[in-house]
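Labels below follow one simple rule: chain letters A, B, ... track the order of the sequence lines, proteins then strands, and each chain is numbered from 1.
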Protein chains: 2
Amino acid sequence: MPGIHEVARLAGVSAATVSRALSGRGSVSPATRARVQAAANELGYVVSSSASGLATGRTRNVGVVIPFLNRWFYGAVVEGAESALLEQGYDLTLYNLGGSDEERRLVFEHFLLRKRVDAVIAVSLELTPDEVKRLIDLDKPIVGVGGPLPGVRTLSLDDVELGRLATEHLIALGHTEIAHIGGDALEMDFHLPTNRRHGYVEAMEAAGLHAHDHHFHAADFTMEGGYRAAKQLLGNPVGRPSAIFAASDEMAIGAILAAKDLGMHVPGDVSIIGIDDHELAEFFGLTTIAQFPDMQGRMAVEVLMDELHPGHREAEELNIDLPFELVVRSSTARR
Amino acid sequence: MPGIHEVARLAGVSAATVSRALSGRGSVSPATRARVQAAANELGYVVSSSASGLATGRTRNVGVVIPFLNRWFYGAVVEGAESALLEQGYDLTLYNLGGSDEERRLVFEHFLLRKRVDAVIAVSLELTPDEVKRLIDLDKPIVGVGGPLPGVRTLSLDDVELGRLATEHLIALGHTEIAHIGGDALEMDFHLPTNRRHGYVEAMEAAGLHAHDHHFHAADFTMEGGYRAAKQLLGNPVGRPSAIFAASDEMAIGAILAAKDLGMHVPGDVSIIGIDDHELAEFFGLTTIAQFPDMQGRMAVEVLMDELHPGHREAEELNIDLPFELVVRSSTARR
DNA sequence: ATGAAAGCGCTAACAT
DNA sequence: ATGTTAGCGCTTTCAT
């Protein structure tokens, strides 16, 4: 492990010049820079992040805090963020809050505070005002993905609009008896399931249709949950819906399997639409509304970089709406 | 952000004593330790990892290098490792090598070397001797998960045995025409698919059965790949197998769906077994051989901790065999 | 058991 | 454009 002084010696300059040449800060003549770079390469020199971090207060590392890792959506967000960070020369330190409250407390009270990260990306987490304050007091930019956070820059989907769009797609195909498989409002942050349901209800009412109570089923956002809910919905001889809007693709896929197991054809007997564009959606021919989680991760990094290295442009809106797109496949059809 | 000196002042001791009291290294009277701890709590003091890292050379951070994040298996390994590391007061910095070779080079030549991590966990990655050497030269312990790595402590499955066990399960149920959906040997590190296939062939031959060439199909470890391979296998009117052993659960689930789409019953018309115990395996009633990826992540951390804080016990085997377990559900039955 | 002091490897003023 | 110097905040000898 050669240090900066060895590079300096080999290049015939001072350590300060090496630092300047390698970091790009401060002015160095092109010739010197080249010599320094050659020397650094020859020795295989890499700065010590501890030393550099101590001297500058910057670590070139960002913390990503997520509620689960092992769901398609979160994995994709992290993947997008990681690759964007790598391009910028940043590392990504991961905090999975899936476990206990104690774990969450530890992360916020110790891990994030030990000056290991320059900034934090919080995915689908409703941070408490106290948690936000702690980070802001430390001068650490935060960006949230997945829901507005008071006083924090966030990227989020308009879930009401998503619910409306999915429902309108079904209505436009002539469906009137449309069921909804949503989530339990209490289970997830940001009332995402509630908002999607609102969009569904609004679209129904706007079309003069009725969103019957017996056409709503709560599930847990898993394939199995969607399967069970759809069995209930489709098995009931009275008031059987001709279309189902599930609040996630995994639930929608569960619904497709339930329909098949009941001997029904999709979309012949029942149309099904989800939300996500999950990696399995194409395989199942699922019509869905794509959100682009890896891009969300990349966007979060871009927003952070703007805050970390100001100058590009000034902060516009505090909250940025994420794009989404209806992807029509073969699980929905005219009634 | 209070520093160590403010804690020292409040506790009425020197900074050195605070350091000793909080880290547990060196001797401090119980009374002093209590006062220091109280002072630290009151001020919300947390050590600066840069400063501590610079002074000690230890960062309390482990790098985890994986080929993809967004597959069930890898997500679970990382999840297990993350939570085990958190318990030990360590952070986890993630490097996803899914992208280009350039990305991989960057990670090994820069990121891992800038003294940000104390150790490395490499999941399912065949590190080159040069990559291993770089890390060892830096005195960074490495543990590999998923395949023996020359000169590195590793945790790995006996894939030949896995293939044999899966096949023997089918043979014991009376099947003789057993097909195998494997992977492309070139695609994955460690010849995992090849080894599983060897186990299959060995079990067949040991039972006096023949592993026909037309009973093997390569696929890409996805559900869709498994679906397509199974369609070929089951659609062929001559030599149709009565059982299929797929080298992964995702492919096995694809095979189940293919059988259903062909109007066949599982396990009535065809028995199907996979490997993994994927999160969806239970839902599909899939018989499988469970490996326990989250536990693998935890074990990797334990092995690392042994290397990082020697004393517990000395290194036994270089390679540790991972446990696995046949889980019989409803996708396999007597012929 | 505790304190004083040196130093980990780098960066950023300040000089020149 | 480059060198000199003084820290960044902590840990760890070395004294006592």
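Between A/Y45 atom OH and C/dG9 atom C1' the separation is 7 Å, expressed in whole Å. Taking atom CG of residue A/L54 and atom C1' of nucleotide C/dC10, one finds them 8 Å apart after rounding to whole Å. What separates CZ of B/R20 from C1' of C/dG3 is a distance of 7 Å, to the nearest Å. Separating the CZ atom of A/R9 from the P atom of C/dG9 is a distance of 13 Å, rounded to the nearest angstrom. Remark: P of D/dC10 and CE of B/M1 are 9 Å apart, rounded to the nearest angstrom. Rounded to a whole Å, the NZ atom of B/K115 is 8 Å from the P atom of C/dG9. In this structure, CZ of B/R60 is placed 15 Å from P of D/dC10, rounded to the nearest angstrom. Here C/dG9 presents its P atom at 17 Å from CG of A/L22, a figure rounded to the nearest Å.
Around CG of A/D130, the count of heavy atoms belonging to other residues, nucleotides or ligands within 6.0 Å exceeds 12.
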Would you please test B/V78 and B/L94 for side chain to side chain contact (heavy atoms under 4.5 Å, CB included) and show each step? CA-CA 9 Å; B/V78 173; B/L94 187 71; 4.2 Å; yes
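Residue contacts for A/V13: at a heavy-atom cut-off of 4.0 Å it reaches the sugar-phosphate backbone alone, with no base atom in range.
The nearest heavy atom of DNA chain C to B/A51 and to B/T32 marks one nucleotide each, and the one closer to the 5' end goes with B/T32. Comparing A/A15 and A/S27 along DNA chain D, the residue whose closest nucleotide (by nearest heavy atom) sits nearer the 5' end is A/S27. The nearest heavy atom of DNA chain C to A/S50 and to A/A16 marks one nucleotide each, and the one closer to the 5' end goes with A/S50.
There is a side-chain donor-acceptor pair under 3.5 Å between B/S83 and B/R298.
A sub-4.0 Å separation between OP1 or OP2 of D/dC10 and a side-chain N or O of B/S19 is absent. One finds a side-chain N or O of A/R25 lying less than 4.0 angstrom from the OP1 or OP2 phosphate oxygen of C/dA12. B/S52 has no side-chain polar atom (N or O) that falls below the 4.0 Å cut-off from OP1 or OP2 of D/dC10. Taking 4.0 angstrom as the limit, A/S14 places none of its side-chain polar atoms (N or O) nearer than this to OP1 or OP2 of D/dT2. Between A/T56 and D/dC8, a side-chain N or O to OP1/OP2 separation shorter than 4.0 Å is absent.
With B/R35 contributing its side chain and B/A11 its backbone, the two residues share a donor-acceptor pair below 3.5 Å.
A side chain to side chain contact (heavy atoms under 4.5 Å, CB included) with A/Y90 holds for exactly one of A/L85, A/L304, A/V301; it is A/L85.
In this structure, of D/dC8, C/dT2, D/dG3, it is D/dC8 that holds the atom nearest to the side chain of A/A55. When the nucleotides C/dT11, D/dG9, D/dA1 are ranked by their closest atom to the side chain of A/I4, C/dT11 comes out on top. Distances were taken from every side-chain heavy atom of A/R58 (C-beta onward) to each of C/dA12, D/dT11, D/dT2; the shortest belongs to C/dA12.
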